[in-house]
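Worksheet for the structure shown next.
Chain naming here is simple, since letters A, B, ... match the order of the sequence lines and numbering starts at 1 in each.
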Amino acid sequence: MIKLLWLIPTLPFLGALILILTGSRLSWRIAACIGAGSIGLAAILTILVGYDFLASGKEAYLHVAWNWFQAGDLSTTFSFYLDSLSMVFIFVITFVGFLIHIYSIEFMQEDEGFSRFFAYLNLFVCSMLILVLADNLVLLYLGWEGVGLCSYLLIGFWYTEEKNGYAARKAFIITRVGDTAMAVGLFLLFTVFHTLNIQDILTQAPLLWTTGASMAVVIGFLLLGGAVGKSAQLPLQTWLPDAMAGPSPVSALIHAATMVTAGVYLITRMHIVYELAPLAQLWVGIIGAITLLIAGFSALTQFDLKRVLAYSTISQIGYMFLAMGVGAWSAAIFHFMIHAFFKALLFLAAGAIIMALHHEHDMFRMGGLKNKLPVIYWTFLIGAASLAALPFVTAGFYSKDQILWLAWAGEKGNLWFFLAALTGAVVTAVYTFRMVFITFFGEAKTKISHVPGMRITVPLMVLAALSFAGGFIELPHTLGHFTLFSDYLSPLLPAVTLKEGIETTEWTIQLVTAVLALGGLYLTYILYVKQPQLSNEIKSSTFELHQFWFRGWDFDALYNFVFVRPFVFLSRINKNDVIDQFYTGLVQITEYFNSAFVKTQNGVLRWYVMSIVVGAILILTISLFVQP
Amino acid sequence: MNMNDIMSLIPLWILSSAAILIFFSISIKRNHKVIFVITVVSLLVDFFFLTSYSIKHLQPVEPLLIIDGFGVFNIGLILLTTLVVVLISYAYFEQREERKEEYYILIILAALGAAILVISKHFASLFLGLEILSVSLYALIAYLRKRERSDEAGIKYLILAAFSSAFLLFGMALVYAATGSMEFAGIAAWITQAHEMPTIVVAGFGMMIVGVGFKLGIVPFHMWTPDVYEGSPAPVTAFIATVSKGGMVALLVRFFNTLNGYQYTTFMLVFTILAIASMFIGNILALRQNNVKRLLAYSSIAHLGYLLVAFLAGEKLGMEAVIFYLVAYFITTLGAFGILATLSDKERDAELLEDYRGLLWKRPLTAIVFSAMLLSLAGIPLTAGFVGKFYVLAAGIQTHRWLLVIILVINSVIGLYYYIKLIAIMFDQKQAARTSQELHPLVYIVSSVTMAILVLSLFWIGVNPEGMMTLIRDVVR
Amino acid sequence: MNALPIDMGLLLAGVLFTLGLISVLIRRNIIFMLISVEIMLNAAGLAFIVAGSRWAQADGQVMFIFILTMAAAEVSVGLALILQIYHQLKTLDSDAADKMNG
Amino acid sequence: MLLALLILLLMAGGIASGFLARVSHAACRWLALITVTIAFAIIVSVWIDEGLSMTQTDSWLRDLYIPWIPSFGIAFHLAMDGLSLLMLALTFFLGILAVLVSWKEIQYRVGFFHFNLLWVVAGITGVFLTMDLFLFYFFWEVMLIPMYFLIGIWGHENKQYAAYKFFIFTQASGLLMLLSILALYFIHGEQTGIYSFDYFSILGTTLSPETGRWLMFGFLIAFIVKLPVVPLHTWLPDAHTEAPTAGSLLLAGLLLKTGAYGLIRFVLPIFPEASASIAPVAMLLGVVGILYGAMQAYSQTDFKRLVAYTSVSHMGFIMLGVFAFNELAMQGVVMQMITHGISTGALFVIAGVLYERIHTRDILRMGGMWKKVPFMGTVAMIFVMASLGLPGLGNFVAEFMTLIGAWQANKLFTIIATAGLVFATAYSLRIMQKVFLGKNIEGHSMTDLSLREKFILVPLCVVIIWLGLFPQQVINAARPTVANSMHAKNHTAIHQEAQTNHVKYTSAFTLEKGGSHEHE
C-alpha cells in the first residue's frame, strides 16, 4: 500500500486537470464528485499508506517518480519522501482538506465558478502535498510556489472585484519576497553541499559545520525569510488579513490550516540546520514572539469576523515559530495540527455565518445567533475555546501549554519569550471571546437568509470533535504524561532539553496559563456582555492606538511608502524609457546637421565655385604645411 | 605608331567610327530606331572585340596610352555601362519629342573619352580623354532643351568643370615644370631619384586633386552633383554617376599606383580627409531629401567616399576592392536610374519620393528591382553591394585603417535610413496617382530585359562573387 | 630664354590663374564667368609653355594647343547653353539660375 | 546535405507560396504551413535518429561543407550540434505557429507576407547552422530584411518607425561584428597562413588581450543588441509592439535567441580570455536588464509593449548565465532561450488574439475577460505564470539553473537577479489583472478561442509544461555544446580535433591560397 504514496498528490492533480480541461461544462454534481472525491480518495489512501508506514516501522519511505533535471552538479528528482513529519502533514492536508471540500460543495453551490473553484482547490491540495512530500528542496520549492499560485487564484476567486484582485496580487508578491530569500538560501546550500536533497543536506550538515558556523546562520536566516513570507510572520505578515477576500473555505484551508504553516514545515524540516545556527533559531523565536503579540493586538480591534480570525492565525503561527525558536519542534508541529483543526473549524463556521447573513462580514451587525444557528454556535464555541486554550478540556490548551512551558523551561527559552507567550494567551482569550460574544450574544441585527445544510454542519462537527479530542494524544506529564505525538515524532525531531531543576515549576506555569485564559474570558464577558458601554469607552479613549492596531500597526503604509510607491513612481515616470531619449537625441543631432548642410546646397553657382576654391586652398595648405 | 598599336586601339576606332556612322546616318534620315540599333550593335561589337584581348596582355601605345588588363577591364566596363545606358535611353527618349538622334553620338563620344581616360598614361591623353568626356557631357546634360532645369544643370556643370579643369591643368603644368615629364612613369622615376618632393610638385599634385575630386564629386567638390543629377535626363544621370566617375577612379588608381603614392603621407592625409568628409556629408545631406535623383546624388558622394577607403587601403586587396566596388556600384546605379527612367513621363522624371508611394502594389516587379538596387546601395547581403562593401572593409582592415573603417560603418548606418525610407514608401499602402503613358510594347521589353539582366547580375555577384573576384584579381597585378 | 627664370614665368601664370579665379568668384554675369574660366585655362596653358621651355620640349606647346582647342569647344557649347538660359530667365545673372537646391 | 536542403526548402517554399497567393490565398497559407511542417518533421526525425537521450560525446551531428568563395576562404559550411538542433526545433515549431496565427490576421498581400515569413525562418535556420563566420554574417543580415518587411508592411499604427529602428539598430551592431570577423580573419591568416572564415579554424586564433577585447566587443555588440541588453534595448519595445502577431512571435521567439546563440557559439569559444575579463560587467548588464525591464514592463499599458519589456527582463538572465562560466548557468541559458521563446511567443499570440477581437492593445481598456473567454484566460494564466517563473513550467527550470550557476560566479548579482523575480511577479500579475480579471469596463463581448487558435496555444501550453516537468532531454541535447563553450580555456584541444576533421578543406585552402592570393 505504501507504494501508492505517489498517488496521494496525483489524485488531486488529476481532479484539477479534469476540472480545468472540461471548463464549466460539467454539472455541479459531477464537478463536486470529482473535486471532493479525489481528495476523499487521497485521504483514504493516506490512512492506508500511513497504516502501512507505521506498521513497517521504517523511518522513511522514498518513492522516485522520475529524474527531473540534471546539469552540472545539480541533480533533482521528482520524488516523494515520507517520514513521520510529512505523515502528520499529509494527514492534516488530506483530512482537513476533504472536510473543507465537502463544506465547499454547499458553500459554493450557487457560484458560477463552481468547477473552477474545485479545480483550484484540488490543485492547491496537490501542491501542498508535493511541498511536504518533496525529498529535495527544488521540488519543495515547486510545491511552495504552487500553493502560492493557488492562494493567489483563490484569494482573487471573485475576480470582478478590484480589491480581491489587489489582495491576491499582494499575497503573491509579498510571499515572493520571502521566496527570494529562500531561493538564495537554496543557492547557498547548493554551493556548500553540492546537492539539494534534503536528507543528504541534513546528514552532511553536522559533519560539515560546527554549531554557530556562519554559513549555517546565513542559510538559517535565508530559509527563515522564505518561511516568514509564506507563514505571514513579521515583517511579511501584511498579506494575510487582506487574503480574507477569498471564499471562506479557502481561508480555512489555505490561510489557516495548511499553506500558512508551510514555513513551520520548512523550518522543522531543516531543524538540523537551525540547531547548528543558534542565532538564526533565536531569531525564529523572536519573530514568533513579536508577531504573536502584534497580531494579537490587531485582532482585538477588528470588526470583520474573518479578519479577526486572520490576525489570530498570524498570532498562532507566531506561537509555532516561538516553539521552534526554543527548539520545541514537536510542540510546534502539535500546535500546527491542533491549530489546523480549530482554525479550520472557526473559519468554516464563520463562513457559514457570513453565508447565512447575506455575506455580512461585520461582527457588529451580527449578534444573537446563539439560538438561530445552534450547531454553528456550539461548534464555533468549541473552536473558540480551543483557540483561547481554555484549560484542561480543549485541545488548544494542551498544545499551547506545551509551548508556554518549553518557552519558559527549555534550554533555549527565556523569560521574554515566556512573557510574550503569556501576554499573547490573555490577548487571545480576549479577542476570541469578544468575537463569540459579539457574534452570538446580544440581539440579532441581520436576518438569516440561509440555514446551513448537512454538508456544512457535518464537517463542522467533525472538526469540533477533533479540536476537542485532538489534544489528548499529547498530555503534559503533570497531567498523565501521555506523549503519543512527540514519541511518534521523536526519531526525527529531538526533544527539548530542559533547564536544570526547572521541572517543579510546571504546575505553576500551567496554573498561571489557565488562570490567565479564564481571566481573559471573564474580562471579555464583562466588557462585551455585562457592560458593553465600557468597551466603547475604552475604544474611544484610546482611539489613536485602536486605529493603529486596527491598521495592523501601519505596516502596509510603511511598505507602501518605502517600496511600492517609489517603484510605481519610477516605473510610471519612466514609462517612455529615458534611454530611448539618447537615441532620439542622436537622430536629432544628425537631423540638425542635415538642415545645416542642406543650406549650403543653395543652387547658386558662385557659391559652388567658392566651395571648390575653399577645398583647393585646404588641400594646398595641408599638402604644403602639414607634415603628418 | 605601328600596326600593332593601331590594332590594339581598335576598340577606340570602333567607337569613333560608330559616332561618325551615326552622324552620317542622321544626315540621311532621322530614324530613332535605326540609330539606336547602330549604337547598340557597335557597342556590342566593340565589347566582343575587347573580350578577345587577353587581360594578361600588356601593350603600350607610346607615349600616350597603355593597353593592359586593368585598362581592358575598365573599357569593357565602360562599354557595357554605356550599352545599358543606351538601352534605357531608348524608351526614355522615345517618349519625348525632342530631336533624339544626336544623343547617341554624344554618348558614344563620352564613352570614347572615358575609354581614353582609363588607358592613358600621359597628361596629354588624360586631358584629351577627360575633355572629350566632359564636352560631350555638357551637351548631354542639357539635352532636353525644353526643361528649364536641364539648362541650369548644363551651365553649372560647364562652368564648374572648366573651372576645375583649369586647376587640373595648372597642376599638371607645375608637375611638368618640375619633373620635365608628362608621362606617369617618367614622373614616378623623377620623384624616386629626387629624395624630397619639391614644393612645386606638391602644389601641382594638390591642384590636380581638385580637378580629380571634382569629377569624382567628393566633398568639398561635390556641390554640382545634386543639381546636375536632378537637371539631367535620367539616363544621362546614370552615365555621369557611373562612367564619368568610374573612369576618373580608374585613372586615379593607375596614376597613384604608378607613382606609388601610398608612401606620401601628406596625400594620404588629404584623401583621408576627403573620404571622411564625403561619407559624412553625403549621407547626412541625403537624409531628408525628397527628390530621388538628388538623394541618389548625395548617396553617390558617400559611395565615392567608401571607394576612397578601399583606395586608401591600398595594396593589392585595396585595388581589387576598388574595382569590385566600382562594378557593384555601376550595376546598382544603372539599375536605380534605369527604374527611374522607366517610370518617368514626358513632363518630368519620376524624381519625387511621392511618385514611388505604393509602387509595390502597382508594379511589383519594378518595385522589387528598385528595392534590390537600394538594398545593394545600402550594402545588404544577397546583393553585389554587400560583397563590395565587404571587400572595402576587408581591404581597410587588412591595412589597419580603423578610423576609416569605423566611419564607413557609421555612415552605412546613416545611409540605411534613407534607402529604407525609399523602400518603405514603395511598400506603403497608399498609391501614387501617377501613371506613365503607353508606349510600344517592344520599348518595354527592351527596358525590362535590361533591368532583368541588371538585377540578375546584381544577385549573381552578390551570391556568387567568386568569378568576378578572380577576374579582378587577374586584372589588378 | 634662359635669361628668364622659370619661377618668374610660373609666377606670372599663377597670378593670371588667380586673377581668373577671383573674377569667377565675383562676377555674376555668366558670360563673364565663362571668360574668367578661359583666363584660368590660358594661365594653365602659359604654365605649360613655361615648363616646356624649361625642358626645351615641344610638349608644353602641344598641350597649350590642346587647351586652346578644348577651350574653344567648351565655349561653343557654353555660349549655346547661355543662350538657352537667357531665353528662359531673361537675364544672364548666374544667381538667378538657382532653381535647383536643397 | 540535409542542412542545406532545409534552408533551400524554406526559401523555395517562400517563393512558391508567394506566387501561389495569386491563385488562392488559402493555397498559399497551406503551402507555407506544409513547408515549415516538413522542416519541423525533418528536424524531429534527426532528433529521433540521433537518439532522444543524446548522450553521445561527439557534438556534431551533421556537417556540410561546400567551398563558396575560395578567394577569401569562405565556404558554405553548415553543421549541426545539439544546441543547433534545439534551436531549429524551436524555430520550426514557432514557424508553424506563425503561419497559423496569421491565418485570419493577414488579409492583404498574403503571398508576399508568407514569402517574408518563410525567408525569416530560412535566415534564422542559416544563423543557427552556419559554421563559417562570413556565412554567419550573411544569414544574420538576410533574416533582417524580410523581418523588416513583416513589421513595416503588416504592422500596426506606428510600423514604419518601429521597422526603421529595428533595422538600423541591428544593422549598426551587425556591421561592427563584420569588422571583428574581418579582423579575426586577417589575424588568423597572418598567424597561420591559412586565410579562412571557417569557425573551426578561427577558434584556435591566439589574440593579445587588447586585440581580443576589441574584437570581442564587435561580436558582443551585435549579440547584445539582438538580445537585447539594456541600454541597447530600445528598438525592441517598438518592434514588438508594432509587428503583426507572427512578427512578434518570431522576434521574441527566435530573433532574440540568435543573440544568445551567438554569445554561446562565438563569443565564449573564440574569446575565452576576453569574455572572462568582462564577465563582471556583462553580468551587471544582465542584472540591470532584469530589473530595468521589469520596472518598465510594470508601467506599460500596451499589452504587447508590456510583454516586450518582459523580454528585456528575461534576456537579462541570459547575460547573467552566459557570463557566469559554468555548465549549470549555461544550461539554464539554453533552457531560457527555448522556454522564453515559447512563453513570450504565446503571450504575443494572446495579445494578437485579443487584438483581433477588440481592436485594442491598451490593457486599461480591457478587463473581466475571463467571464467571456475562460479558455483563453486559463491559457494566459499558464503563460503569465511561466513568465514569473513558476516551478513546474519550463521557465522555472531555466531561471533556477541560471541563477544557481550564476551564484557560483557572483553572489551579489545573483541576489539582485533573484529579487528581480519579485518584480516579475508584479508585472505578470498585472497582465492578468488588467486583462482577464476585474470588471469588463467597456463591455467588450467576444468569443473564446477558435479551433485554430486552440491549435496554436494548446501545443504551446503542453510544451511549456513538458519542459517544466521533463526538461532533461533538452539539457542532454545541449550538453556537448555547453561543455565545449564552457571549457573555452582548453579550447585548443577541441580546435585541434576540429582541425583534423576539416583537414581536407583547410589544406585545399592552403593550396588555393598559396597560389593565388598573397597578403603580404
(message) Would you compute the distance between atom CG of A:L153 and atom CG of D:L437 and round it to the nearest 0.5 angstrom?
(response) 9.0 Å
(message) Can you tell me which of A:R169, A:K163, A:E145, A:R116 forms the most heavy-atom pairs within a distance under 4.5 Å of chain D?
(response) A:R169
(message) Can you classify the ring geometry of D:F400 versus A:Y141 as parallel (below 30°), tilted (30 to 60°) or perpendicular (above 60°)?
(response) tilted
(request) For chain D, find which of A:W68, A:F190, A:F172 contributes the most heavy-atom pairs closer than 4.5 angstrom. (result) A:W68
(request) Select, from D:D238, D:T301, D:T414, D:V474, the one with the greatest count of heavy-atom pairs under 4.5 Å involving chain A. (result) D:T301
(request) Please tell me if the side chains of D:K439 and A:E162 come closer than 4.5 Å, counting only heavy atoms from C-beta onward. (result) no
(message) Check this for me: does any side-chain nitrogen of one of A:D580 and D:K165 sit under 4.0 Å from a carboxylate oxygen of the other?
(response) yes
(message) Using 0.5 Å steps for rounding, measure from the CZ atom of A:F582 to the CG atom of D:L232.
(response) 9.0 Å
(message) Which atoms of A:L139 are under 4.5 Å from chain D, going by heavy atoms: the side chain, the backbone, both sets, or neither?
(response) neither
(message) Distance check, rounded to the nearest 0.5 Å: D:F423 atom CZ versus A:I173 atom CD1?
(response) 10.0 Å
(message) Tell me whether D:W466 at atom CH2 has more than 12 heavy atoms from other residues, nucleotides or ligands lying less than 6.0 Å away.
(response) no
(message) Could you go through A:D179 and D:L421, starting from their C-alpha distance and side-chain angles, then the distance that decides it, and tell me whether this counts as side chain to side chain contact (heavy atoms under 4.5 Å, CB included)?
(response) CA-CA 9 Å; A:D179 298 350; D:L421 290 178; over 6 Å; no
(message) Rounded to the nearest 0.5 Å, what separates atom CD1 in D:I404 from atom OG1 in A:T76?
(response) 9.5 Å
(request) Heavy atoms only, distances under 4.5 angstrom: which of A:L188, A:T175, A:V138, A:L186 has the most pairs with chain D? Name it, please. (result) A:L188
(message) For the backbone of A:Q70 and the side chain of D:Q472, can you confirm whether one donor and one acceptor N or O come within less than 3.5 Å of each other?
(response) yes
(message) With a 6.0 Å cut-off (strictly less than), is the heavy-atom count around CZ of A:F567, excluding the residue itself, greater than 12?
(response) yes
(request) Please examine the side chains of D:R305 and A:K575, heavy atoms only from C-beta on, and report whether any two atoms are closer than 4.5 Å. (result) no
(message) Taking the side chain as everything from C-beta on, heavy atoms only, tell me whether A:D577 gets closer than 4.5 Å to D:Y292.
(response) yes
(request) Please state whether the rings of D:W370 and A:Y120 are parallel, tilted or perpendicular, taking 30° and 60° as the class boundaries. (result) perpendicular
(message) Donor-acceptor check, side chain of A:S571 to backbone of D:S299, threshold 3.5 angstrom: yes or no?
(response) yes
(message) In the structure I gave you, are the side-chain heavy atoms of A:N574 and D:Q296 within less than 4.5 Å of one another anywhere?
(response) yes
(request) Please round to the nearest 0.5 Å and tell me the distance separating atom OG1 of D:T234 and atom CG of A:N576. (result) 12.0 Å
(message) Need one label for A:Y152: side chain, backbone, both or neither, based on atoms under 4.5 Å from any heavy atom in chain D.
(response) side chain
Under 3.5 Å, which donor-acceptor pairs do the side chains of residues 376-393 of chain D form with other protein atoms, sequence neighbours left out?
unit_1, atom_1, unit_2, atom_2, d
D:T378, OG1, D:P374, O, 2.7
D:S387, OG, D:S428, OG, 3.0

(request) Sequence neighbours left out, what passes ring pair (Phe, Tyr, Trp, His ring centres under 6.0 Å) with D:F166? Give chain and number order. (result) D:W235
(message) Taking 4.5 Å as the heavy-atom cut-off, does anything in residues 217-229 of chain A contact chain D, and if so which residues?
(response) none
(message) Can you give me the closest heavy-atom contact between A:R572 and D:Y298, atom names plus distance?
(response) NH2-CE2, 4.3 Å
(request) Could I get the full list of ring pair (Phe, Tyr, Trp, His ring centres under 6.0 Å) partners for A:Y583, not counting sequence neighbours? (result) D:F169
(request) Answer with side chain, backbone, both or neither: which region of A:L196 has an atom nearer than 4.5 Å to a non-hydrogen atom of chain D? (result) side chain
(message) Contact between D:L469 and A:W66 at the side-chain level, heavy atoms closer than 4.5 Å - yes or no?
(response) yes
(message) If you count heavy atoms of other groups shown closer than 6.0 angstrom to CD of A:E112, is the number above 12?
(response) no
(request) Side chain from CB out, backbone as N, CA, C, O: work out which of these in A:V564 comes under 4.5 Å of a heavy atom of chain D, or both, or neither. (result) neither
(request) For each of D:Q433, D:Q331, D:M432, D:M401, tally heavy-atom pairs with chain A at distances under 4.5 Å, and name the one with the top tally. (result) D:Q433
